[in-house]
Amino acid sequence: MAAKKSYLDLEKIKSELLKYGVEDVDSEIEKIEKLIKSTLNSYKDKNKIAREQYKNAIPFFEVYKSIVSLNLPGWVLKKIDSARIFGDSKQMIIFPDGEKYQINNPLNNLSGGDWLNFTTSVFSTFYTTNGKDSYAHNIRKIHPSPKPPQLMKEIIDFFTKENEIVFDYFMGVGGSLLGAGLCKRKAIGIDLNEKYIEAYKNAAKEIGVDIFSTKCGDCLEILNDKKEMHSLLKDEKISLVLIDPPYANMMSKEKTGADINVYGNVATPFTNDERDFGNLPIQDFYNSLKKSVELILPYIKKHGHLVIFIKDMQPHKKETNLLHAYIIQKLNEISNLNYKGLKIWADRSAKLFPYGYPFSFVANQIHQYILIFRKEE
């Protein structure tokens with residue numbers, strides 16, 4: 001059997017570092033090697049513990065005579081013959097490779113390791129915008145800020161189980177709907193701009209995932225229409241509301257800095273519709289966002305989640321412009337909805353610009369906040 005190709009070519013890494021002007025290349029390579037060694041040792045320790053746990057566990061079918069009523073995820077069923085039950089509660093499945101799954105997990109279908117990885121508060125990505133791995137970015141790029149379907153899939157994987165409903169009433173070109181299609185969930189989307197909805201459908205065709213129900217119109221009007229919501233949901237409950245709302249006239253302003261290279265020195269509003277949240281003054285935006293959450297809340301299942309993407313604006317004089325903090329405070333006023341925490345997403349593909357140079361510090365904001373709320377009853 002041929003040896004598996006190694007994708008870590010240190011000589012190539014060295015030449016790339018030299019190309020980008022790194023002076024102490026050997027020191028950088030040493031840091032990389034130390035990180036790899038530390039990671040390998042960590043996995044070695046984990047596997048040693050897991051093997052010991054597996055050895056002391058009970059074969060699955062000695063504890064459970066049938067899998068019919070357990071609602072196990074597909075990845076568990078594929079390996080069920082090698083599964084064992086670990087722990088006094090008889091709820092933990094463990095496999096020879098150390099993967100674990102909690103049978104009474106009501107939230108998602110993830111293994112314990114994948115659950116742990118998601119709960120890190122800061123994570124960094126670099127999603128390509130070319131080729132197959134771009135997930136139809138060539139179609140989705142008509143939107144000023146399309147969310148990567150791979151990222152949305154990761155969020156959906158954590159907050160839902162297979163075949164549950166994801167709802168996005170600021171769907172844009174459908175990053176969340178595409179993400180749902182990538183992981184066997186159902187989704188519903190709303191947007192003011194028919195052009196974006198059509199782009200989503202074309203992207204779904206190119207990627208090869210299901211095309212879900214969509215509605216073109218004002219989200220507040222639709223969410224407030226019981227007949228329309230019944231038509232969309234068919235009396236099913238939503239497990240996850242996943243939204244990336246437009247806000248604060250940001251896209252309606254002429255571009256500056258690195259954005260000029262992408263869009264030119266022009267404004268790129270999502271729509272020219274006065275109902276568009278992206279065209280509202282900031283206080284009106286906060287109030288409208290709260291209203292939209294109050295309207296969607298009755299359709300969310302008990303312990304279902306609301307996840308919101310938001311990016312702060314640059315501070316201006318005494319205005320801190322910490323939008324994520326204001327939104328947390330505003331939405332936490334809603335009874336039956338509790339703020340649960342946040343994740344910070346660093347988008348390494350964001351273009352940098354020397355804002356403020358050489359006179360004043362101005363941050364290149366490559367991160368966004370992912371705010372997490374839960375419906376309690």
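Computed from heavy atoms alone, side chains included, the values below leave out hydrogens, waters and symmetry copies. For reference, positions follow the sequence shown, starting with 1.
Proximity of Phe170 to Ile308: side-chain heavy atoms (C-beta onward) are nowhere separated by under 4.5 Å. Looking only at side-chain heavy atoms (C-beta outward), Leu242 and Phe309 come within less than 4.5 Å of each other. Contact annotation: the side chain of Trp115 approaches that of Thr119 to within less than 4.5 Å [non-hydrogen atoms, C-beta and beyond]. For the pair Leu151 and Asp347, the minimum side-chain heavy-atom distance is 4.5 Å or more. Counting only heavy atoms from C-beta outward, the side chains of Gln368 and Lys147 approach each other to under 4.5 Å. Using a 4.5 Å heavy-atom threshold, the side chains of Glu164 and Lys186 count as separate. For the pair Met171/Ile190, no side-chain contact is recorded, criterion being any heavy-atom separation below 4.5 Å from C-beta on. With a 4.5 Å cut-off on side-chain heavy atoms, Ser145 and Lys311 do not count as touching.
Cluster membership for Leu177 and Tyr169, using ILVMFWY side-chain heavy atoms within less than 4.5 angstrom, is not shared. In the hydrophobic cluster analysis, where Ile, Leu, Val, Met, Phe, Trp and Tyr join through side-chain heavy atoms closer than 4.5 angstrom, Ile155 is grouped apart from Leu182. In terms of hydrophobic clustering, with Ile, Leu, Val, Met, Phe, Trp and Tyr side chains grouped at heavy-atom distances under 4.5 Å, Val166 and Leu233 are assigned to different clusters. Cluster membership for Leu371 and Phe123, using ILVMFWY side-chain heavy atoms within less than 4.5 angstrom, is not shared. One hydrophobic cluster, built from ILVMFWY side chains closer than 4.5 Å, cannot hold both Ile103 and Phe158; they sit in different ones.
Note: Leu240 CG to Met152 CE = 8.5 Å, rounded to the nearest 0.5 Å. Separation of atoms CG (Asn71) and CG (Asn104) is listed at 12.0 Å; rounding is to 0.5 Å. Ile370 contributes atom CD1, which lies 12.0 Å from atom CD1 of Ile310 (distance to the nearest 0.5 angstrom). Taken to the nearest 0.5 Å, the CG atom of Leu289 stands 10.0 Å off from the CD atom of Glu294. A distance of 11.5 Å separates OH in Tyr299 from CD1 in Ile188, rounded to the nearest 0.5 Å. Put simply, CD1 on Ile222 and CG on Asp191 are 9.5 Å apart, with the number rounded to the nearest 0.5 Å.
Although no hydrogens or angles enter the test, the distance criterion places no donor-acceptor pair under 3.5 Å between the side chain of Asp276 and the main chain of Asn272. A donor-acceptor pair under 3.5 Å is absent between the side-chain atoms of Lys100 and the main chain of Ala50, judged by distance alone. Distance alone, capped at 3.5 Å, is enough to place a donor-acceptor pair between the Asp312 side chain and the Leu323 backbone. Checking side-chain atoms of Lys375 against main-chain N and O of Asn338 turns up no donor-acceptor pair under 3.5 Å. Although no hydrogens or angles enter the test, the distance criterion places no donor-acceptor pair under 3.5 Å between the side chain of Asp168 and the main chain of Gly189. With Arg275 contributing its side chain and Asp273 its backbone, the two residues share no donor-acceptor pair below 3.5 Å. For Asn56 (side chain) and Glu52 (main-chain N/O), a donor-acceptor pair under 3.5 Å exists by modelled atom type. A donor-acceptor pair under 3.5 Å is absent between the side-chain atoms of Arg374 and the main chain of Tyr339, judged by distance alone. With Lys301 contributing its side chain and Ile238 its backbone, the two residues share no donor-acceptor pair below 3.5 Å. Not a single donor-acceptor pair under 3.5 Å links the side chain of Asn364 to the backbone N or O of Leu352.
In Lys184, the NZ atom is not crowded: 12 or fewer heavy atoms of neighbouring residues, nucleotides or ligands sit closer than 6.0 Å. Remark: Lys237 NZ is packed, more than 12 non-hydrogen atoms of other residues, nucleotides or ligands lying under 6.0 Å away. Residue-environment remark: CD (Glu274) stays at or below the threshold of 12 foreign heavy atoms within 6.0 Å.
Checked against ring-ring contact (aromatic ring centres under 6.0 Å, His included), Phe95 has the following partners two or more places apart in sequence or in another chain: Trp75. With sequence neighbours excluded, no residue satisfies ring-ring contact (aromatic ring centres under 6.0 Å, His included) with Tyr54. Partners of Lys343 by salt bridge (charged side-chain N to carboxylate O under 4.0 Å, His left out), not counting sequence neighbours: none found.
Between Ile156 and Cys183, the shortest heavy-atom distance links the atoms CG2-SG, 3.7 Å. Smallest separation of non-hydrogen atoms from Arg51 and Pro96: CG-O, 4.5 Å. The two residues Leu110 and Asp157 come nearest to each other via the heavy atoms CG-O, 3.9 Å. Of all non-hydrogen atoms in Lys234 and Ser231, the two that sit nearest each other are NZ-O, 2.8 Å. Nearest heavy atom pair, residue Pro144 against residue Pro146, reads C-CD, 3.7 Å. Shown here for Phe86 and Ile94, the closest heavy-atom pair between the two residues is CB-CG2, 3.9 Å.
Residues Lys317 and Glu319 are not paired through a salt bridge, judged by the lack of any N-O separation under 4.0 Å between the basic side chain and the carboxylate.
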Got a list of side-chain donor-acceptor pairs under 3.5 Å for residues 63-70, not counting sequence neighbours?
from: Tyr64; atom 1: OH; to: Lys90; atom 2: O; distance (Å): 2.5
from: Ser66; atom 1: OG; to: Val68; atom 2: N; distance (Å): 3.1

Review item, side-chain donor-acceptor pairs of residues 202-217, under 3.5 Å, at least two apart:
from: Asn202; atom 1: ND2; to: Glu198; atom 2: O; distance (Å): 3.3

One pair to check against side chain to side chain contact (heavy atoms under 4.5 Å, CB included): Leu342 and Ile372. What are the steps and the verdict?
CA-CA 6 Å; Leu342 59 77; Ile372 299 160; 5.9 Å; no
The test is side chain to side chain contact (heavy atoms under 4.5 Å, CB included); show your working for Ser292 and Leu220 and say whether it passes.
CA-CA 6 Å; Ser292 75; Leu220 291 179; 3.8 Å; yes
Leu322 vs Tyr369, test: side chain to side chain contact (heavy atoms under 4.5 Å, CB included). Steps then yes/no.
CA-CA 11 Å; Leu322 298 175; Tyr369 295 94; 5.8 Å; no
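Between Phe159 and His305, the ring-plane angle classifies as tilted under the 30° and 60° cut-offs. Ring pair Phe285/Phe277 is perpendicular by interplanar angle, where above 60° counts as perpendicular and below 30° as parallel.
Applying the side chain to side chain donor-acceptor pair (under 3.5 Å) test to residues at least two apart or on different chains, the pairs with a partner in residues 120-131 are Thr125-Trp345.
Across Asn332, Ile300, Leu306, a single residue satisfies side-chain contact (heavy atoms from CB on, under 4.5 Å) together with Leu337, and that is Leu306.
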